[in-house]
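Input: a single structure, listed below in structure tokens.
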Amino acid sequence: QEWKNTFATWDPQDFCNISKVFLPTDTYWSPHIFILERVNGQNSNLDYMTVMHNGSFNSAQPFQVTLTCSLMILKFPFDTQTCNLTIASFLYPVTDLVIKTRRTPAEMMKNSQSYFLTDGEWKFTNLSIIEYREKIDEEEFSLVTYMISMERRPTLYVLNLILPTCALYVLDMAVLFGPSSLEEKIDFQIAIILGSSMLAVILNNILPTSSNKPPVIGTH
């Protein structure tokens, strides 16, 4: 976070060329912001901020949070998910505080790539920023929303789910129209039903339950 306080300025030449100092965050006013989609998280212990001689304040407090995100898994495993991260401060209306982003979406995208950690299932594809105002109880407040898009890598699911499912269906059609006897067809059909049931159980265990529509692969 960066902001300016015109009452906290000095001439470095009058103070041994000191151009910046480090002070506790409770020494001066600082904007209180929070994340709307936040469920829980762990704040950092960096309770200090940098004060420049021109009145510029800089506060960097990294922390980890868990966010809520609505998933659309209809096209699973070839789906792309978009999650929002909204930063707001409903303590101060726009007449007192306006939140702006310092970096462009392209710069944020490049910077986020170096911090993006994954087990290989997801690919960070896009990041867009929306700055807007929201009216609540006759007052307007400033908000910034980061829209994060991630694409699922489907290789694992294709090998473990789609190909075995297609193989079962092909085998089912081959047995149904094959020259086998009725008893052999019944035995094969029971085996295929058991295999399909096992794949359905596996699919049900790995899919999130927060989607309004089930995946296409799960409805066949």
Side-chain angles (χ1 to χ4, degrees), residues 1-3 30-46 49-50 57-90 97-134 141-166 199 202-220:
Q1 305 175 42
E2 289 186 359
W3 67 95
S30 60
H32 298 279
I33 64 173
F34 57 94
I35 301 174
L36 299 186
E37 297 85 1
R38 176 175 178 175
V39 177
N40 55 38
Q42 181 179 2
N43 295 336
S44 66
N45 296 323
L46 298 178
M49 57 185 175
T50 305
F57 284 69
N58 188 303
S59 175
Q61 297 184 5
F63 55 91
Q64 289 182 328
V65 296
T66 300
L67 308 178
T68 59
C69 183
S70 179
L71 302 180
M72 298 296 296
I73 58 174
L74 180 64
K75 298 181 180 179
F76 175 88
F78 306 98
D79 54 328
T80 299
Q81 304 295 338
T82 301
C83 295
N84 294 340
L85 189 152
T86 303
I87 298 177
S89 178
F90 291 121
L97 175 65
V98 177
I99 302 176
K100 294 287 185 180
T101 56
R102 182 180 62 180
R103 300 171 182 171
T104 63
E107 293 174 342
M108 289 290 296
M109 177 73 178
K110 182 179 180 180
N111 188 45
S112 299
Q113 290 284 2
S114 59
Y115 294 101
F116 184 70
L117 301 178
T118 178
D119 57 358
E121 180 180 359
W122 295 97
K123 179 182 179 183
F124 192 16
T125 57
N126 189 33
L127 173 65
S128 58
I129 304 174
I130 302 176
E131 299 177 358
Y132 61 100
R133 298 179 178 182
E134 187 172 313
F141 297 90
S142 177
L143 296 91
V144 175
T145 297
Y146 295 85
M147 301 180 63
I148 305 169
S149 297
M150 294 180 293
E151 180 182 353
R152 191 191 305 269
R153 290 188 173 98
T155 305
L156 179 64
Y157 299 98
V158 170
L159 295 177
N160 293 337
L161 288 177
I162 297 181
L163 289 182
T165 302
C166 294
L199 286 177
I202 296 174
L203 180 63
N204 183 66
N205 291 333
I206 65 176
L207 286 179
T209 58
S210 59
S211 177
N212 296 327
K213 295 182 180 180
V216 175
I217 187 177
T219 57
H220 288 76

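Only a predicted model underlies this, so the values are computations on that prediction, with no experimental measurement involved.
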*Quick one: list whatever passes disulfide (SG to SG under 2.5 Å) with C166, sequence neighbours left out.*
none

Are the side chain of [X] and the backbone N or O of [Y] linked by a donor-acceptor pair below 3.5 Å?
X: E2; Y: F57; answer: no
X: E37; Y: T86; answer: yes
X: R153; Y: W122; answer: yes
X: E121; Y: R152; answer: no

Using 0.5 Å steps for rounding, measure from the [atom1] atom of [X] to the [atom2] atom of [Y].
X: T68; Y: R38; atom1: OG1; atom2: CZ; value: 12.5 Å
X: D79; Y: E151; atom1: CG; atom2: CD; value: 9.0 Å
X: M147; Y: L127; atom1: CE; atom2: CG; value: 10.0 Å
X: Y146; Y: N84; atom1: OH; atom2: CG; value: 12.5 Å

Provide the closest heavy-atom pair for [X] versus [Y] in the form atom of the first, atom of the second, distance.
X: F34; Y: F90; result: CZ-CD1, 3.3 Å
X: F124; Y: S112; result: CE2-CB, 3.4 Å
X: V98; Y: R133; result: CG2-NH2, 4.3 Å
X: I99; Y: S142; result: N-OG, 2.9 Å
X: S70; Y: Q81; result: O-OE1, 4.3 Å
X: S128; Y: P105; result: CA-CB, 4.5 Å

*Kindly state whether the ring of F78 and the ring of Y157 have centres lying under 6.0 angstrom apart.*
no

_S30 side chain reached by W3 side chain, heavy atoms, under 4.5 Å_ =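 A side-chain contact exists here, since the closest heavy-atom pair is under 4.5 Å.
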
*Step by step, work out the side-chain contact (heavy atoms from CB on, under 4.5 Å) result for R103 and M108.*
CA-CA 6 Å; R103 300 171 182 171; M108 289 290 296; 3.9 Å; yes

*Modelled atom types, side-chain donor and acceptor of N40 and T66, under 3.5 Å*: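 Yes, a side-chain donor-acceptor pair sits under 3.5 Å.
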
_Donor-acceptor pair between T82 and S149 side chains, under 3.5 angstrom_ =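 Side chains of T82 and S149: pair found under 3.5 Å.
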
*Any chance you could lay out the side-chain contact (heavy atoms from CB on, under 4.5 Å) test for Q1 and I33, step after step, and finish with the verdict?*
CA-CA 10 Å; Q1 305 175 42; I33 64 173; 3.9 Å; yes

*asked:* For L85 and I35: C-alpha separation, side-chain torsions, deciding distance, then whether side-chain contact (heavy atoms from CB on, under 4.5 Å) applies.
replied: CA-CA 7 Å; L85 189 152; I35 301 174; 4.1 Å; yes

*Apply side-chain contact (heavy atoms from CB on, under 4.5 Å) to I129 and V144, showing your working.*
CA-CA 7 Å; I129 304 174; V144 175; 3.8 Å; yes

